[in-house]
Amino acid sequence: MRAVNTENALPYLPFARPTIDDTMVAALADTLRSLWITSGPQVLALEQALSDYHGGRPVRVFSSATAALEVALLTAGIGPGAEVIMPAQTFFSCANAITRTGARPVFVDVDPVTRNMDLDLACAAITPRTRALMPTHFAGLPLPMDALYALARAHGLRVIEDAALAIGSRWNGKRIGSFGDMASFSFHPNKNITTIEGGALVFDNDVEARRAEQFRFHGIVRLPDGTRDVVVPGGKYNLPDVNARLGLLQLARLEEFIARRQQLVARYFEQLQTAPPCTLPARGDSGHSWNFFAPLLPLDRLKSTRKQIMDTLAARGIGTGISYEAVHLTTQYRTLGYQEGDFPHAERIARETLTLPLYPTLQEADVDRVCNTLRQVLWEARS
Ligand SMILES: *Cc1c(COP(=O)(O)O)cnc(C)c1O
């Protein structure tokens, strides 16, 4: 092997990284040794802990937030003939979950500053077939919840909050999920806490929580004679106990993780507001849990493409991501008749967005390095 000088090489900074401590590793070994490894006591404990965290509301955990969103829709009785309104700028999960129930996603543009679904446009998109709103709390920044629920109430719509990025976020001091209709959280490794893969639904009543359990696991109900019946064509969306055990220890550190994210984002704002010419995300208030930090690149003033900028940053040790592409312009959703120009804000964000490294174990010096490197790369790419 060729000798390389790794002494001075700066570590590669991915754009997201889970925090897994020794206690978590030991607990997972413990759970494996118990030989109860799929859904069992740890799942019940995680559901209880998440319920406590959300003001005592019923919670069920799932194999992913994508599964949770699908189950939320099924539990609300949404299927063929129904329309569900969602933002054109979010992760693909929402549109796919709606489509898989037989319902139709109806996209609306996002607010260019908050990048959350524009509620006036959502209102204008309501038809007699509309059954639900499925907005995403973008990057962890809550929607204006009073306006969202006023709109839903005025039209008799369910609300399924895609809170994949927003566990621990607060609106007016209240945790997302601790009020409202249904909220779905993700525990993917890039999210605020992780169970490797996993998700959760918070409900406002026990009847729907129990119904969701059926959709989660084969549609099974247990009969008094000890046999099982199937009452709906349920999926296989349960979370294993090994994952749930990790979730319990992650949840215990969530507030600390969020505080750290907020500190690092403050550093990003400090470093980047003097640096032209990126468009920085909305700052929000202390209720923003900052799952990711994604400025928009000034591509019309650069001779490089975003891909070239990303490759150059990667070569200099900075990982970046795209959060997200415009859902309506994917091959699947163009089949509904959507095309370029339908949602200008979503399309601009999709074109220009660049997710920078942000995770609790990142250091202030790392943020400075990311900002200096980005500044340098943008300077080199100016047209
Ligand atoms: C990650 C994510 C999801 C899906 O979460 P999974 O747990 O990976 O299924 C849904 N919506 C948004 C906005 C996300 O970022």
Side-chain angles (χ1 to χ4, degrees), residues 14-18 43 46 50 59-74 84-101 105 107-108 110-111 114-117 132-143 159-169 176-177 182-202 212 215-216 235-240 243-244 246-247 250-251 261 281 288-294 320-328 330 332-333 346 349-350 353 355 358-359:
F15 73 87
R17 172 177 269 173
V43 160
L46 178 58
L50 287 166
V59 176
R60 296 296 183 274
V61 294
F62 296 85
S63 51
S64 69
T66 302
L69 288 169
E70 189 176 323
V71 168
L73 289 157
L74 294 169
V84 179
I85 296 174
M86 59 165 284
Q89 229 288 333
T90 183
F91 190 56
F92 313 121
S93 281
C94 303
N96 287 345
I98 294 164
T99 305
R100 286 167 62 81
T101 68
F107 301 114
V108 297
V110 297
D111 180 278
T114 64
R115 304 184 200 172
N116 276 325
M117 184 166 82
L133 305 172
M134 191 187 273
T136 297
H137 299 292
F138 195 86
L141 175 65
L143 279 100
V159 179
I160 297 166
E161 295 172 37
D162 173 20
L165 305 165
I167 192 162
S169 291
I176 291 301
M182 281 192 239
S184 165
F185 298 110
S186 172
F187 307 136
H188 177 277
N190 290 358
K191 306 303 161 77
N192 290 350
I193 55 173
T194 188
T195 59
I196 306 175
E197 297 284 356
L201 272 183
V202 186
F215 285 112
R216 177 174 69 179
K236 174 70 160 70
Y237 296 153
N238 57 304
L239 186 75
N243 304 63
L246 178 58
Q250 290 269 316
L251 183 59
R261 287 175 176 280
H288 193 335
S289 64
W290 285 106
N291 181 258
F292 61 78
F293 181 80
T320 55
I322 296 175
S323 322
Y324 303 92
E325 296 80 356
V327 189
H328 67 290
T330 58
Q332 168 64 26
Y333 294 104
I349 294 163
T353 188
T355 307
L358 180 63
Y359 43 88

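Just follow the structure's listing: the first ligand is 1, and inside any ligand the first atom is 1. What you see is a predicted model, and the numbers here were worked out from it, not measured in a lab.
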Legend entry - Under 4.0 Å from ligand 1 - residues by heavy atom, chain and number: S64, A65, T66, T90, F91, S93, T136, D162, A164, L165, S186, H188, K191, G198, Y324
Legend entry - Gap separating the SG atom of C94 from the CG atom of D162, nearest 0.5 angstrom: 4.0 Å
Legend entry - Partners passing side chain to side chain contact (heavy atoms under 4.5 Å, CB included) against I196 (at least two apart in sequence or in another chain): N243, L246
Inset, instruction - Please check if the distance between the ring centroids of F107 and Y333 is under 6.0 Å. - result: yes
Inset, instruction - Check R60, R216, E70 against Y237 for a side-chain hydrogen bond (donor to acceptor under 3.5 Å, both in side chains) and give me the one that passes. - result: E70
Inset, instruction - Compute both the distance and the angle, then confirm whether R261 meets the cation-pi test with Y359: under 6.0 Å from the six-membered ring centre, within 45 degrees of the axis. - result: no
Inset, instruction - Specify whether F293 and W290 have parallel, tilted or perpendicular ring planes, treating 30° as the upper limit for parallel and 60° as the lower limit for perpendicular. - result: tilted
